[in-house]
Amino acid sequence: MNRSVRFDDIRALLVCHVDNAGISRVKVLPHRRLLSASTHGVTISNSVGVLFSVDDHLNATPDVDPIVGDLRGIADSSAMALIDREAGLAWAPADLYRLDGTPHPTCQRTALRRVVDDAEDVRLTFTVGVELECTLFRPAAEAGGPPVPATTGPAYSTTSLLEVEGFATDAIAALDLAGVPVDQVHPEFGSGQIEFAFGPRDPLGAVDDLVLARVVLSRVARQHGLLVSFAPVPIVGGSTNGCHVHLSARRDGRNVFADPSAKLGVTPEGGHLIGGILDRLEEGVALLGGSVLSFTRLRPHAWAGADICWGPGNREAAIRFVPGQAGMGAEQSNIEVKPVDGAANPYLAVAAIIAAALDGSARKVAPPKPVRVDPSTLTAAQRRASGVRPLPADLGSALHRLESSDFYRGVFGDVLVDAYVATRQHEWEAYGEHVPEDVADLVRWKY
Ligand code: GLU
Ligand code: MG
């Protein structure tokens, strides 16, 4: 979407790049540098672009030197958005380039663009809608004290919403101004938890919107004296934050996830896409979250999709099949990939899902039987019969699967996979043994 921002309205441009730790890093350009933002861009060191972990620990890989070398972060002016009219503040996502002007092999946004191009090459058009869950807090009563969730009312209740009504209405207006219109807002299950759902659009635009929406929501929260956390586990023992990805796919204009006359409710190709995503989930799940806490979240009964299976309306399955509703037609039918969370690099997460779906289509991977009950209630024999498997239990094992994945090395290239694994492996080695409360304190405000 071109948001048609007028350069005259911009006094400062945030040029943002989401790194392998899932953190948005930024350089700010004044008005007089706007034109050069999308030609020369900004200088980003290898370390900041590629190699920092969530705690700003600097890693190294054989291909990317942490000390010597620079990248260019080239702003994509077609995705530029005005986020504060009065302040003249705008935002744009950046692609990573080598100094010689060629795309850098670690650029996560370019990786997603390539996967989408691969899909277009086989005449599949994907769209993505995102459900962004986050948790609002009031500042701690005393310095160093525990943060206080901003709502206490019953889950999904009006009572809960009214506690943060000003934030919610201002957030809707601010998202509109930024060109990221929200489809629906609701108080979520947990204390302080609120969800913003965004309608479907092209995958790259949907991820840009997600990254931008987090900036906008953080700003509006601050204006209301609140802080917002997108971490997968904002409070240990409380409700977790997901970032579910709704995926639609069309071939020749036809929704492959809609065939009401078929037994599974999807076309044969729709089944292959589902089969492909499930088949690659063990090796790809480190790309869908990638923090130690992502695996604290991926437990049964959190509606986070901790089991590798799918089923219509099934909130405990990694893929919830969402059939079209009466009156809206089969066109609405889509799949929701639930294990994704806010610690991911969302460009890589969506690229990993679409690449796996394409692979399923190419190899005609049959989907397992749909699961119509909570998979954790199945016996071991029933799980085997339905092909239900657990996701890797922790970040260490998920990274091991990713590191040894020929498939994802083929999709993203060794330079990117090695850099991603290095940044996340540090997190696992440094914090994997810590109690989750300490890790939650460390990452609560980072994303
Ligand atoms: N909060 C849940 C999660 O961590 C999802 C709840 C829902 O299905 O909306 O994914
Ligand atoms: Mg939700």
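First listed ligand is number 1; within each ligand, the first listed atom is number 1. Residue numbers run from 1 in the order of the sequence given.
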>> With rounding to the nearest 0.5 angstrom, report the CZ to CD distance, Phe196 to Glu133.
In response: 11.5 Å
> Has the side chain of Tyr420 got a donor or acceptor atom that lies under 3.5 Å from a matching backbone atom of Val50?
Replying inline: no
Could you list the atoms of ligand 1 found under 4.0 angstrom from a heavy atom of [X]?
X	answer
Glu188	7 (C), 9 (O)
Ala304	10 (O)
Thr240	1 (N), 2 (C), 3 (C), 4 (O)

Distance-only side-chain donor-acceptor flag, [X] / [Y], under 3.5 Å:
X	Y	result
Gln193	Ser239	yes
Asn59	His426	no
Thr151	Glu163	no
Ser376	Asp307	no

> For His244, is at least one N or O under 3.5 Å away from an N or O on ligand 1?
Replying inline: yes
> Are any of the N/O atoms in Lys338 less than 3.5 Å from those in ligand 1?
Replying inline: yes
> What is the OE2(Glu133)-the Mg ion (ligand 2)-OE2(Glu188) angle, to the nearest 10 degrees?
Replying inline: 90°
>> Considering non-hydrogen atoms of the protein only, which is the closest contact for atom 6 (C) of ligand 1, and what is the distance?
In response: Glu133 OE2, 3.4 Å
>> For Asn241, which part has a heavy atom under 4.0 Å from ligand 1: side chain, backbone, both, or neither?
In response: backbone
> Is it the side chain (CB and beyond), the backbone, both or neither of Pro232 that lies under 4.0 Å from ligand 1, heavy atoms counted?
Replying inline: neither
> For the Mg ion (ligand 2), which N, O or S atom of Glu195 is at the shortest distance?
Replying inline: OE1
> For atom CD of Glu120, is the number of surrounding heavy atoms from other residues, nucleotides or ligands below 6.0 Å larger than 12?
Replying inline: yes
